[in-house]
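The figures that follow rest on heavy atoms only: side chains count, while hydrogens, waters and symmetry mates do not.
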Amino acid sequence: MDSRSSSDGLNSTPDSSSSPTSSPSSAVQRALQLIQSDDQDSKLQGAQEIRRLTKTSHRCRRQLSASVGPLVSMLRVRDSTESHESALLALLNLAVKDETNKIKIVEAGALEPIISFLESQSSNLQEYAAASLLTLSASAVNKPIIGSSGAIPLLVETLRHGSTQAKVDSVMALSNLSTHPSNLTIILEAKPIPSIVTLLKPCKKSSKTAEKCCALIESLVGFDEGRTALTSEEGGVLAVIEVLENGSLQSREHAVGALLTMCQSDRCRYREAILKDGVIPGLLELTVQGTPKSQTKAHTLLHLLRDSPYPRSEFQADTLENIVCNIISQIDGDDQSGKAKKMLAEMVQVSMEQSLRHLQQRALVCTPTDLPISTCTSEVSLK
């Protein structure tokens, strides 16, 4: 099977040798003739040619757009796994990085057979169907259509019981679909969080899979059912914290966003659940090494994890050092407290070194009267 990218289905390199409007080549014309033939063997050969031609060429995807209808009709042929697989793979390549083809495939009626393949006894067909829905769901136009088609419960079922590749593609498709608000309630009703956590626990925390899992969790914990499901699942909160510590920058942003949403929704209910799994070291690191959004969210979450958060006016003037010391004093376990204290000391040292470097740089370009009166500080202030 062709290799896939994170949100659009397949890795592809646009063909820059000629524009999408160039005249069709003889190979393209032959593939169109084959796929439009009434002979099933010719159709099968045509689908295989289309798959090959569109694997890396955006130009061919445009020129072979007319093959969508015949390929979709191949998905409806009864008891022909080979036809189904060949047609699915050809459609998959046609849809990659081509918004027009994505929409055209759905409009041609491909969703019904593709969704049915999620329940196929063939693991290949199930994988190809999940990959197709991943690719098609990257289109904003398609998201509400797919959401109302009945695909979501079957994607969640595939996430529970499918092959590893089918699970990965299903969670990515669900993540794509979750960005359309009307789909979120449908996803929640299918109860996906236990399966998302099961997939997230063993996967590499810096992977695209972990990023999509956390993005989906962040959306779902905006609802009480999602928060309850995550905290009820053994190791659920811990899996998110592990991404916060070791994920990509984008993954960590989703992870801290999920934890912050929980704590803001009901601090008394979720504060202990977040603290007991050792979130403090990861949050401290995020305050200096995360994206600007992550840093802000990490500061805010640290404030909420305090025993008695101050009113806004006092919060603005407080320091990260005081907040963390307050939290550390309440944490059970020498290992976690020790890690947090060590990291805080390192952060203060880094802050001092950065402030000193900043003053030295300014001294090179400023006159003496331009220099600031105060020197570096040992406090890491909340932004």
Exercise. Taking atom CD1 of Ile186 and atom CD1 of Ile152, what is their separation to the nearest 0.5 Å?
Worked result: 4.5 Å
For this session: Give the intermediate values and the outcome of side-chain contact (heavy atoms from CB on, under 4.5 Å) for residues Lys276 and Glu272.
Result: CA-CA 6 Å; Lys276 74 179 179 63; Glu272 291 303 324; 5.7 Å; no
Exercise. How far apart are the C-alpha atoms of Glu49 and Arg52, what are their side-chain angles, what is the distance that settles it, and do they pass the salt bridge (charged side-chain N to carboxylate O under 4.0 Å, His left out) test?
Worked result: CA-CA 5 Å; Glu49 281 296 298; Arg52 182 182 65 81; 2.8 Å; yes
Problem set entry | Lys297 and Glu218 ion-paired at < 4.0 Å | yes
Exercise. Has Glu234 got more than 12 heavy atoms of other residues, nucleotides or ligands less than 6.0 Å from its CD?
Worked result: no
Exercise. Leu64 and Ile103: same hydrophobic cluster, using ILVMFWY side-chain contacts below 4.5 Å?
Worked result: no
Can you give me every donor-acceptor pair (side chain of residues 155-162, partner residue at least two apart or in another chain, under 3.5 Å) with its distance?
residue : atom : partner : partner atom : Å
Glu157  : OE1  : Arg160  : NH1          : 3.0
Glu157  : OE2  : His161  : NE2          : 3.3
Thr158  : OG1  : Leu154  : O            : 2.8
Arg160  : NH2  : Ala190  : O            : 2.7
Arg160  : NH2  : Lys191  : O            : 3.1

For this session: Take Ser139 and Glu99 through the test side-chain hydrogen bond (donor to acceptor under 3.5 Å, both in side chains) and record every step on the way to the result.
Result: CA-CA 6 Å; Ser139 164; Glu99 179 76 3; 2.8 Å; yes
Problem set entry | Check against side-chain contact (heavy atoms from CB on, under 4.5 Å), Ile217 and His254 | CA-CA 8 Å; Ile217 288 172; His254 289 307; over 6 Å; no
For this session: Could you tell me whether Glu211 and Lys208 have a side-chain N and a carboxylate O separated by less than 4.0 Å?
Result: yes
For this session: Spell out, as yes or no, whether a donor-acceptor pair under 3.5 Å connects the side chain of Ser57 to the backbone of Thr54.
Result: no
Problem set entry | Beyond-backbone contact of Lys212 with Leu134, side-chain heavy atoms, under 4.5 angstrom | no
Problem set entry | Test item: Ser86 side-chain N/O and Ser83 main-chain N/O as donor-acceptor pair under 3.5 Å | no
Seminar exercise, completed: dist Asn93:CG -> Ile50:CD1 (nearest 0.5 Å) comes out at 10.5 Å
Exercise. Can you list every pair that meets ring-ring contact (aromatic ring centres under 6.0 Å, His included) and has a residue in residues 83-113, with sequence neighbours left out?
Worked result: His84-Phe117
For this session: Assess whether side-chain hydrogen bond (donor to acceptor under 3.5 Å, both in side chains) is satisfied between Glu242 and Asn246, documenting all intermediate values.
Result: CA-CA 6 Å; Glu242 287 175 344; Asn246 301 307; over 6 Å; no
Problem set entry | Common cluster, Leu275/Leu244, ILVMFWY with side-chain heavy-atom separation under 4.5 Å | yes
Exercise. Between the main-chain N or O of Val106 and the side-chain N or O of Asn142, is there a donor-acceptor pair closer than 3.5 Å?
Worked result: no
Exercise. Asn101 side chain to Leu94 main-chain N or O, any donor-acceptor pair under 3.5 Å?
Worked result: yes
For this session: Treating Ile, Leu, Val, Met, Phe, Trp and Tyr as nodes and any side-chain heavy-atom pair under 4.5 angstrom as an edge, say whether Ile115 and Ile145 lie in one connected cluster.
Result: yes
Problem set entry | Main-chain N/O of Ala239 paired with Lys205 side-chain donor or acceptor, under 3.5 Å | no
Problem set entry | Partner of Leu305 by side-chain contact (heavy atoms from CB on, under 4.5 Å), out of Leu259, Leu283, Thr300 | Leu283
Exercise. Run the side-chain contact (heavy atoms from CB on, under 4.5 Å) check on Leu184 and Ser219 step by step: do they pass?
Worked result: CA-CA 8 Å; Leu184 270 174; Ser219 297; 3.8 Å; yes
Problem set entry | Backbone of Gly290 reached by a side-chain donor or acceptor of Gln295 within 3.5 Å | yes
Exercise. Just by distance, do the side chain of Ser37 and the backbone of Gln33 share a donor-acceptor pair under 3.5 Å?
Worked result: no
Exercise. Considering only heavy atoms from C-beta outward, does the side chain of Arg252 approach that of Val256 to under 4.5 Å?
Worked result: no
Problem set entry | Donor-acceptor under 3.5 Å (Ser175 side chain, Met172 main chain) | no
For this session: Keeping the roles fixed (side chain from Lys104, backbone from Val68), state whether a donor-acceptor pair exists under 3.5 Å.
Result: no
Exercise. Hey, quick one: are Val77 and Leu44 part of the same hydrophobic cluster, counting side-chain heavy atoms closer than 4.5 Å, chains of contacts allowed?
Worked result: no
Exercise. Can any side-chain N or O of Ser116 pair as donor or acceptor with the backbone N or O of Pro113 at less than 3.5 Å?
Worked result: yes
